[in-house]
Amino acid sequence: MLTKDAALAVIGTVPDPEVPVISVVELGIVRDVRVDDTGAVAVTITPTYSGCPAMYEIEKDIRTALEAAGATSVSVQTVLSPAWTTDWIGPDAREKLRKYGIAPPGKAEQGGLITLTRARQPVTCPWCGSRDTELKSEFGSTACKAIHVCRACRQPFDEFKAL
Amino acid sequence: MSAAAAGHEDEPGIAAGEAAAGTRAVAGARRAPMGDPIVELLLRLGDDRLILGHRLSEVTGHGPILEEDIATANMALDLIGQAASMLRLAGETEGKGRDEDALAYFRDAVQFRNCLLVEQPNGDFGQLMVRQFLFDAYSVLLLDELSRASHAGISAIAVKALKEAKYHLRHSSEWVVRLGDGTEESHARVQRALDALWRFTGELFVADEVDAAAAAKGAAVDLAGIQSRWNAMVDEVLTRATLTRPADAAMQRGGRSGRHTEHLGHLLATMQIVARSHPGATW
């Protein structure tokens with residue numbers, strides 16, 4: 001029978017389908033794991049974005065991995081609160097993102113409303129380390145990314161948006 | 001298509017007949033008794049985002065540049081995701097076994113509670129962005145208030161949606177500035193869009209019995225306060241965009257009680273046809 005730690009370790013091998021260089025645990029979307037006396041595993045996850053199309057895939061991948069590891073039954077519940085934030089992505093995972101060519105997220109804004117004229121902090125290029133970069137679009141290849149271009153090395157790159 | 005028909009298609013406003021129908025409905029003044037105010041509030045919130053999300057999805061593959069194609073598709077995805085959460089909770093609260101799909105695909109136009117602004121056609125890219133900006137500014141302020149609601153389900157959805165709405169507002173406001181303070185052509189187009197869409201903004205801030213009853217159930221929203229902050233935000237952006245704020249004359253309303261412009265029916269026909277042609281289908 002799986003222990004809670006073993007179950008968590010198994011889930012830690014499930015890659016995020018859209019950013020496969022980090023696991024769903026490193027992404028911070030796995031909020032709780034419980035194993036009862038019968039070996040049934042209950043997993044609680046939270047979506048990154050409201051319309052994240054990968055949630056179904058993630059749920060299926062978690063289920064498959066746990067069943068393969070011997071869980072007698074698996075239930076996956078989705079919760080919205082507390083709302084996911086990129087601040088839950090740890091330092092190791094941020095380094096993995098950077099090496100993969102995705103600028104890791106900055107500190108998420110805390111509450112409050114936005115200032116429309118706010119000057120943005122430049123994002124560091126994950127390829128050459130230059131801070132001479134330009135935002136091309138707040139919206140990128142997935143809901144969680146923005147598109148930038150580095151003026152120093154001329155490479156386009158994704159930024160994992162702070163949320 | 002004849003020139004006259006094309007001209008009509010480009011007009012974002014409602015046709016004369018529609019306005020007359022709206023007047024009749026007001027004169028009739030017989031309303032269905034209000035259901036659970038939390039359900040009603042969630043339908044308003046969810047329908048606004050479902051319909052605007054669908055409108056944005058109409059331009060997927062037709063964006064003026066690749067980045068904008070991606071951006072509008074992203075915003076559509078966020079909005080439809082938010083709508084799914086809101087309509088799911090509406091269905092659960094109602095307790096009649098309707099889920100988010102049943103509410104999205106199996107209601108008719110008169111049962112939709114979205115504001116008139118979001119159902120207006122895309123028009124050109126400038127009009128699409130003006131509509132987006134006017135809505136985003138309202139949405140950010142509204143979700144900010146609802147994020148502090150004592151109703152746990154509503155505050156959880158609002159906290160999540162607010163994070164996304166801020167990105168949308170930053171994007172749409174920057175486009176309004178860029179187009180307004182752009183070329184003569186882009187300025188003229190967004191000013192025209194602003195003038196045409198302005199009449200649909202008054203409805204956003206009209207508090208009614210649903211708002212009062214929802215407040216008593218833990219989802220209070222101060223629409224007058226939101227309106228004054230919306231005015232300040234809109235003025236700031238319009239000034240930077242060198243656009244002229246239209247006069248607050250002759251506002252159209254009716255969306256919150258199911259009296260829509262003719263555009264919603266056409267939108268729903270497209271949005272609902274697959275679900276209605278193949279009920280219960282999965283793939």
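FYI, side chains are in, hydrogens and waters are out, and symmetry mates aren't considered; it's all heavy atoms of this structure. Every chain is numbered from 1 and lettered A, B, ... according to where its sequence line falls, protein lines coming before strand lines.
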Checking Ser50(A) against chain B: side chain, backbone, both or neither under 4.5 Å from a heavy atom? both
Taking every heavy-atom pair that is under 4.5 Å apart, which of Thr72(B), Val159(B), Leu79(B), Asp78(B) has the most such pairs with chain A? Asp78(B)
Residues from residues 17-49 of chain A approaching chain B under 4.5 Å (heavy atoms): Pro47(A), Thr48(A), Tyr49(A)
Would you say that more than 12 heavy atoms from the other residues, nucleotides or ligands in this model lie under 6.0 Å from the CG of Leu135(A), or not? yes
Please tell me if the side chains of Glu138(A) and Asn74(B) come closer than 4.5 Å, counting only heavy atoms from C-beta onward. no
Contacts with chain B made by residues 2-11 of chain A (heavy-atom distance under 4.5 Å), listed by residue number: none
I need the minimum non-hydrogen distance between Gly140(A) and Ile70(B), along with the two atoms involved. O-CG2, 2.9 Å
Examine whether an atom of Ala84(B) lies under 4.5 Å from a heavy atom of chain A, and if so say whether it belongs to the side chain, the backbone or both; otherwise answer neither. neither
As an exercise, state the distance from CD1 of Ile65(B) to NZ of Lys136(A), rounded to the nearest 0.5 Å. 7.5 Å
Which of parallel (below 30°), tilted (30 to 60°) and perpendicular (above 60°) describes His168(B) and Phe139(A)? tilted
Heavy-atom proximity to chain A below 4.5 Å, by part of Ile157(B): both
At a heavy-atom separation under 4.5 Å, does Ile80(B) approach chain A through its side chain, its backbone, both, or neither? neither
Using only non-hydrogen atoms and a strict under-4.5 angstrom cutoff, which residues of residues 61-83 of chain A touch chain B? Leu80(A), Ser81(A), Ala83(A)
Does atom OH of Tyr105(B) have more than 12 heavy-atom neighbours from other groups under 6.0 Å away? no
Using non-hydrogen atoms and a limit below 4.5 Å, what part of residues 91-101 of chain A faces chain B? none
Lys160(B) NZ to Leu163(A) CG distance, which is reported to the nearest 0.5 Å: 6.0 Å
